[in-house]
Structure formats: C-alpha cells, structure tokens
Amino acid sequence: MISMPKLQQEKIYIAPSILSADLTCLARQVELVQEAGADWLHIDIMDGHFVPNLSFGPALVKNLDKVVKIPQDVHLMVQEPQKFIEPFIKAGASALTIHIEARGNIRETLKQIKKAGLWCGLSIKPDTQAATLIPYLDLLDLILVMSVYPGFGGQEFLPQSQNQISQVAKLAKEHNILVEVDGGINRQTAKIATGAGAQALVAGAAIFGQTDIKKALTDIKNAALAN
Ligand code: DX5
Ligand code: ZN
C-alpha cells in the first residue's frame, strides 16, 4: 500500500479514473498517466445496486498495488460499504471513499477506514445537501463531490455542481479536508471546479479516452491551475 501524501495547500491533485482506460493494456495506460504527472489513480467500484453498473473489485486493487507508484484512490459506489472495507484495505487501497447515501452505520464505517491509517473519504451525489456532511467532518480527510449521477464514465458535468462544490468547500476548510470532484471533468470544467474550491479532480474520459493521454492530463492540470 502506498500512503497518501501530506496535503500541500497550493497543489491541485489529478486522479485519472481507470473506468475509461483500455483494460487490455492497463499496466501501460497506468504508466502513461504516471509519467504525465498523475497524483493518484482513481478506482471506481460499483456493485450494480447502489449504481446501475458493475466494475471492479479488490482483486484489481491488489494487482495494481504491485505495479503502481502513486496512491490508489478507491471510490466505493456500493450499497453496503462496511462489507468491503477490510478487503480493500488488505488489497492495498490508499484512500477509501464511501457514499453518505449508502446503507449501514456510516460513522462506524468511516472510523474503520480511519483506524486502518487510510485516507478517509465521504462522497455525496448531486442531489444530496452539503449540510448532511456536517456530522462526519471530524473523521474526514476528503470529501468527494459527484458532479454527475454516479454509475458511468463520459457524462457531462452538471452545472449545479459549482454551487455544491462551493458549499462543501466552506465546510471542508475549517477541518482541513480536501475537496475532490468526480464526473465530467475536462479542461473547461476543471477550472469551474477548482474555482469553486476543489483541490483534487478525477477525470476518466477526458484522459484515458484521448489519443494523447499525457497531453490530455497536462492540459487539464494546467487549466485547473490557471484559476
Ligand atoms: C462515475 C465515476 C467516475 C468516472 C468519471 O460514476 O465515479 O469516477 O470514472 O468519469 P468521467 O471523467 O468520464 O466523467
Ligand atoms: Zn469515481
């Protein structure tokens, strides 16, 4: 397991999502984003219940742990996250983010992540009020704001996300929590997200879906920094 870095205030973190990677040559695709300066690798886990899609499991994280040089930022879009915390910790996740809309005892699940020394993340869907995060702020290292309805890569950034990011950023600031945005990030929307207070950006289609993966990543990073 690679530990998450100490947070640098001025830095923008880019986390390419392998949901849009060419899985027939995943190791090479990961190398390309690492060479281009990716900060974390974003791994979307979907169970077909919390979202209408299926993706990966702990086995992929375990395999990637042998080859990646950057932290694995694991996003659990699953109905019962508590069941999967231990397997993902064992597999080598660096950060584990669960959804506030999931089932079970959210606080206990977050505590389990925190206790294991991973970065502890909580995500909200587009229609969830930012204020619902308040009872959990003391436990969080990151808040993941979904700027699309979760489930699929390649969707468009929802315009109302700008306001939600700003509200979340206000809450996060006092507790030194990093705000990450996920969904529809490209050169244009990266600026909107960082302008509203995001410090980490997930991008799938706009990086792995491009012919020149390295250039795509650099362009997004530069656009985000231009704010
Ligand atoms: C969506 C996932 C995202 C997805 C983002 O449910 O959580 O991480 O990979 O993909 P893009 O950047 O293509 O919207
Ligand atoms: Zn994600």
Side-chain angles (χ1 to χ4, degrees), residues 1-8 11-48 50-51 53-78 80-99 109-110 112-123 141-142 144 150 152-154 178 180 182 185 200-218 220-221:
M1 186 261 249
I2 298 169
S3 295
M4 293 299 279
K6 199 171 152 26
L7 199 57
Q8 284 175 252
K11 196 172 153 76
I12 297 290
Y13 297 88
I14 305 287
S17 165
I18 60 160
L19 197 61
S20 293
D22 178 352
L23 298 179
T24 62
C25 53
L26 183 57
R28 179 63 194 140
Q29 296 251 296
V30 168
E31 253 174 42
L32 284 177
V33 292
Q34 281 179 172
E35 287 166 13
D39 297 284
W40 315 328
L41 202 59
H42 186 81
I43 320 287
D44 286 309
I45 308 296
M46 305 181 184
D47 68 349
F50 187 78
V51 288
N53 197 6
L54 291 165
S55 59
F56 317 115
L60 181 75
V61 172
K62 191 175 175 185
N63 275 270
L64 283 171
D65 194 42
K66 295 179 213 156
V67 293
V68 294
K69 298 185 180 75
I70 53 177
Q72 291 195 64
D73 167 32
V74 178
H75 175 195
L76 295 181
M77 285 164 279
V78 303
E80 296 186 58
Q82 198 143 24
K83 279 188 186 171
F84 299 102
I85 302 305
E86 208 185 312
F88 279 104
I89 292 171
K90 282 192 179 149
S94 311
L96 262 183
T97 295
I98 65 167
H99 267 267
T109 311
L110 293 171
Q112 202 184 335
I113 298 169
K114 190 100 187 148
K115 205 174 149 194
L118 279 72
W119 263 28
C120 179
L122 191 57
S123 183
D141 298 294
L142 83 85
L144 180 64
F152 300 91
L178 180 128
E180 185 178 25
D182 186 5
I185 291 294
L201 303 172
V202 175
I207 293 180
F208 283 116
Q210 305 302 308
T211 327
D212 191 339
I213 288 177
K214 284 189 178 181
K215 182 179 182 301
L217 192 149
T218 310
I220 291 176
K221 202 163 200 166

Within the structure provided, determine whether [X] and [Y] are in side-chain contact (heavy-atom separation under 4.5 Å).
X      : Y     : answer
Trp40  : Pro16 : no
Ile213 : Gln29 : yes
Ile45  : Asp47 : no
Glu180 : His42 : yes
Val74  : Thr97 : no
Phe56  : Leu19 : yes
Pro81  : Phe50 : no
Val78  : Ile98 : no

TODO: Go through the steps for Lys215 and Glu35 under the test salt bridge (charged side-chain N to carboxylate O under 4.0 Å, His left out), then give the verdict.
DONE: CA-CA 11 Å; Lys215 182 179 182 301; Glu35 287 166 13; over 6 Å; no

For residues [X] and [Y], report the shortest heavy-atom separation together with the two atoms involved.
X      : Y      : result
Ala93  : Met1   : O-CG, 3.2 Å
Gln210 : Ala216 : CG-CB, 3.7 Å
Val51  : Met46  : CG2-CB, 3.5 Å
Ala38  : Leu217 : CB-CD1, 3.8 Å
Lys69  : Ile2   : C-CD1, 3.5 Å
Ala91  : Pro58  : CB-O, 3.4 Å

Using only atom types and a distance under 3.5 Å, with no angle test, would you say the side chain of [X] pairs donor to acceptor with the backbone of [Y]?
X      : Y      : value
Asp141 : Cys120 : yes
Ser94  : Pro71  : no
Gln34  : Val68  : no
Ser55  : Asp44  : yes
Asp65  : Val61  : no
Lys221 : Gly37  : yes

TODO: Please report the C-alpha distance between Lys62 and Lys90 in whole Å, then the side-chain angles of each, then the deciding distance to 0.1 Å, and finally whether the side chain to side chain contact (heavy atoms under 4.5 Å, CB included) criterion is met.
DONE: CA-CA 8 Å; Lys62 191 175 175 185; Lys90 282 192 179 149; over 6 Å; no

Open item on the list: Under the rule for salt bridge (Lys or Arg N to Asp or Glu O under 4.0 Å), what residues qualify as partners of Glu80, not counting sequence neighbours?
Closed with: Lys83

Straight-line distance of [X] [atom1] to [Y] [atom2], nearest 0.5 Å:
X      : Y      : atom1 : atom2 : answer
Trp119 : Leu7   : CH2   : CG    : 5.0 Å
Phe88  : Leu96  : CZ    : CG    : 7.5 Å
Leu178 : Gln8   : CG    : CD    : 11.5 Å
Ile185 : Leu201 : CD1   : CG    : 5.0 Å
Leu142 : Ser123 : CG    : OG    : 9.0 Å
Phe208 : Ile18  : CZ    : CD1   : 7.0 Å

- [ ] Walk me through it: do Lys11 and Asp39 pass the test salt bridge (charged side-chain N to carboxylate O under 4.0 Å, His left out)?
- [x] CA-CA 10 Å; Lys11 196 172 153 76; Asp39 297 284; 3.0 Å; yes

Task: Trace of the side chain to side chain contact (heavy atoms under 4.5 Å, CB included) decision for Leu41 with Asp73 - done: CA-CA 6 Å; Leu41 202 59; Asp73 167 32; over 6 Å; no

Task: CD/Glu86: more than 12 non-hydrogen atoms of other groups inside 6.0 Å - done: no

Open item on the list: Would you say NZ of Lys114 has more than 12 non-hydrogen atoms from neighbouring residues, nucleotides or ligands within 6.0 angstrom?
Closed with: yes

